[in-house]
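Notes to accompany the following structure.
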Amino acid sequence: MTEILIRGAERVVTMNPARDEIAGADVLIRGGVIAAVGQGLTSAGTVIDAKGCVVTPGLVNTHHHLYQSLTRAVPGGQDALLFGWLKTLYPIWARFGPEEMRISALTGLAELALSGSTLTSDHLYLYPNGARLDDTIAAAAEIGLRFHPTRGAMSIGESKGGLPPDALVEDEALILKDMERVVDAFHDPAPGAMVRVGLAPCSPFSVSRDLMRETATLARDKRVMLHTHLAENDEDVAFSLARFGCRPGQYAEDLGWTGADVWHAHCVKLDTAEIGLFARSHTGVAHCPCSNCRLGSGIAPVRAMRDAGVSVGLGVDGSASNDAGNLIAEARQAMLLQRVARGADAMAAREALEIATLGGARVLGRPDCGSLVAGKRADIAVWDLSGIEAAGAWDPVAALVLCGPTRVRDLFVEGRAVVRGGHLATLDLDRVIADQTRLARALIG
């Protein structure tokens, strides 16, 4: 059985129950699993010198729209709130097809890998011109990241009072049929799974309540997770009050969208009662701080959520609303926003790093990931602190969030090298960038 020894790290951040950080430590990988963490380990296998490095669990991204990496910095949407931003971009996205979905996914996944993510979800809710969820699943397999794609959907177009154009919505019976297809084809419930599929109607303003209910029923029959956008900004809350006569949290509870098998993106405008509901029901939250800033949505009450016991992970959100896909940068932004809202002691760097690793794994229902403990999956990030970003840093662990680096030296997923020496080991990145540039220029026209 293949062994890899990561040897002599300046610090190994375990995220174990005691939150141990071990100086001068080693991590032994055997067959895709962490075999041991400690000092003085030996192996006859491959040895990776980690002198001057901090080793952490791989970061976990709980919310993304990978297809949006083809529409960064689009004029007309750069300074808009959520609804106006969507109105600008829907017509562009309507021109996508399978190639656009695959290449944009490869680009977004590469960006995540280089910034330390080993596990990511994706929320794909539009399928123009023959595009399928299969396109992004193929991209994740090519690059080698652990993947939680979700079969999203929009079914209420403009003519029926929804936000998206009619050309981008689907028939609800066909949506449910394809949801069942992709779960049966790709979902792996086993520990160590590389692909798990979730079901994810886009939002309260783009699907019917019937579809929300029926999706929840299907997900529980198939034993997969549920995901959607919720309470993202004031417009979102106003829509819920006007259309449904209740706040977003009540809307979710009434439709069966709370529980340990559910996580909601954003939740910027949850009130105290809704936070309590999510805590009692073990409903998770994907916090997307950079996107929330970019769209002027507000500062999510993460401190209050965490204090109440809500499971919170981080998400980069789509690259059309961020416009980057760097999860360690999200950890820094999450920490800074809570300090803006609550004071300099509202969130420490280590708590932000915990949310980015163990927190995300919990939100996605992956107890086999998120920590460096014997028996857990070997999803590991190696950060070299010898560069300019961390020069002069006294605390190497806090430095990851406070100053950098923001790019990994090495990244392992299931014990396999995805990034080696700061470069992708599984993909010709220059080719992907060239394809991405070609497709973007064609869209610009």
Side-chain angles (χ1 to χ4, degrees), residues 61-69 93-94 96-106 108-109 112 119-156 164 168-203 206-208 210-229 255-257 259 261-265 284 286 315 318 363-366:
N61 180 36
T62 60
H63 185 65
H64 207 329
H65 306 293
L66 287 166
Y67 75 92
Q68 293 182 11
S69 68
W93 296 335
F96 280 31
E99 185 182 20
E100 285 80 5
M101 292 299 185
R102 177 179 165 273
I103 295 300
S104 60
L106 281 174
L109 291 164
L112 286 170
L119 165 60
T120 183
S121 66
D122 184 44
H123 189 184
L124 182 56
Y125 54 79
L126 47 81
Y127 298 88
N129 306 311
R132 303 194 300 170
L133 192 67
D134 312 42
D135 304 321
T136 58
I137 293 172
E142 187 173 346
I143 200 167
L145 289 194
R146 205 178 296 277
F147 198 38
H148 279 221
T150 61
R151 206 303 183 180
M154 298 190 295
S155 65
I156 305 296
L168 278 178
V169 303
E170 299 175 274
D171 176 80
E172 293 190 352
L174 296 179
I175 289 168
L176 291 164
K177 183 177 180 181
D178 196 57
M179 284 179 170
E180 187 166 12
R181 177 190 72 83
V182 294
V183 170
D184 290 345
F186 297 109
H187 179 70
D188 182 358
M194 290 298 292
V195 179
R196 287 189 182 170
V197 177
L199 304 183
C202 182
S203 63
S206 60
V207 300
S208 71
D210 286 343
L211 182 61
M212 293 291 285
R213 289 190 190 95
E214 292 179 41
T215 301
T217 299
L218 176 61
R220 282 161 183 145
D221 179 63
K222 294 290 186 180
R223 296 185 179 181
V224 300
M225 294 189 73
L226 291 161
H227 184 51
T228 193
H229 300 93
L255 298 178
W257 275 73
D261 58 350
V262 182
W263 86 105
H264 293 287
V363 166
L364 294 181
R366 296 301 301 250

Classify the side-chain pair S208/E172 by whether it contains a donor and acceptor separated by less than 3.5 Å.
yes
Between V197 and V224 the two heavy atoms that sit nearest each other are O-CB, 3.3 Å
So which heavy atom on L211 is nearest to which on S155, and how close?
CD2-OG, 3.8 Å
Compare all side-chain heavy atoms of L199 with those of E214 and state whether any distance is below 4.5 angstrom.
no
Step by step, would you call D184 with K222 a salt bridge (charged side-chain N to carboxylate O under 4.0 Å, His left out)?
CA-CA 9 Å; D184 290 345; K222 294 290 186 180; 2.8 Å; yes
I want to check something: taking the side chain as every heavy atom from C-beta on, are M194 and D188 in contact at a cut-off of under 4.5 Å?
no
Could you go through the salt bridge (charged side-chain N to carboxylate O under 4.0 Å, His left out) check for R213 and D210 one step at a time?
CA-CA 5 Å; R213 289 190 190 95; D210 286 343; 3.3 Å; yes
Where is the tightest heavy-atom contact between A131 and G97, given as atom of each residue plus distance?
CB-C, 4.1 Å
How long is the span from the CG atom in L226 to the CE atom in M212, to the nearest 0.5 Å?
8.0 Å
Locate the shortest heavy-atom distance separating V262 from H264; write the atom from each residue and the value.
CG1-NE2, 3.5 Å
Using 0.5 Å steps for rounding, measure from the CG atom of D178 to the CZ atom of R181.
4.5 Å
Could you check whether any side-chain heavy atom of W257 comes within less than 4.5 Å of a side-chain heavy atom of P201, counting everything from C-beta outward?
yes
Give a yes or no on whether the ring-centroid distance for H229 and H65 is below 6.0 angstrom.
yes
Side chains of M154 and I175: does their closest heavy-atom pair fall under 4.5 Å?
no
Are R196 and F186 in a cation-pi setup, meaning NZ or CZ lies under 6.0 angstrom from the ring centre and within 45 degrees of the ring axis?
no
H123/H64 aromatic ring centres below 6.0 Å:
no
For the atom pair CG (D122) and CG (L145), what is the distance rounded to the nearest 0.5 Å?
11.5 Å
Trace of the side chain to side chain contact (heavy atoms under 4.5 Å, CB included) decision for D261 with R220:
CA-CA 8 Å; D261 58 350; R220 282 161 183 145; 2.9 Å; yes
For A94 and P128, which heavy atoms make the closest approach, and how far apart are they?
O-CB, 3.5 Å
Audit row: R366, H148, side-chain hydrogen bond (donor to acceptor under 3.5 Å, both in side chains) steps and yes/no
CA-CA 10 Å; R366 296 301 301 250; H148 279 221; 3.1 Å; yes
Are the side chains of N61 and L119 in contact, using a 4.5 Å heavy-atom criterion?
no
Taking atom CD1 of I156 and atom SG of C202, what is their separation to the nearest 0.5 Å?
12.0 Å
Are any of the side-chain heavy atoms of F147 and L66 separated by less than 4.5 Å?
yes
Output for pair (M101 CE, L124 CG), nearest 0.5 Å, gives 5.0 Å
Could you give the distance from CD (E170) to OH (Y127), rounded to the nearest 0.5 Å?
7.0 Å
With a 3.5 Å cut-off and no angle check, do the side chains of H63 and H227 form a donor-acceptor pair?
yes
Any donor-acceptor pair under 3.5 Å linking the side chain of N129 with the backbone of F96?
yes
Any donor and acceptor pair, going by atom type alone, linking the side chain of R146 with main-chain N or O of G192 inside 3.5 Å?
yes
Of all heavy-atom pairs between S121 and W263, which one has the smallest distance, and what is that distance?
CB-CZ2, 4.0 Å
Knowing that exactly one of L133, T150, I137 qualifies, which makes a side-chain contact (heavy atoms from CB on, under 4.5 Å) with V182?
L133
So V195 and P149, do their side chains get closer than 4.5 Å, heavy atoms only?
yes
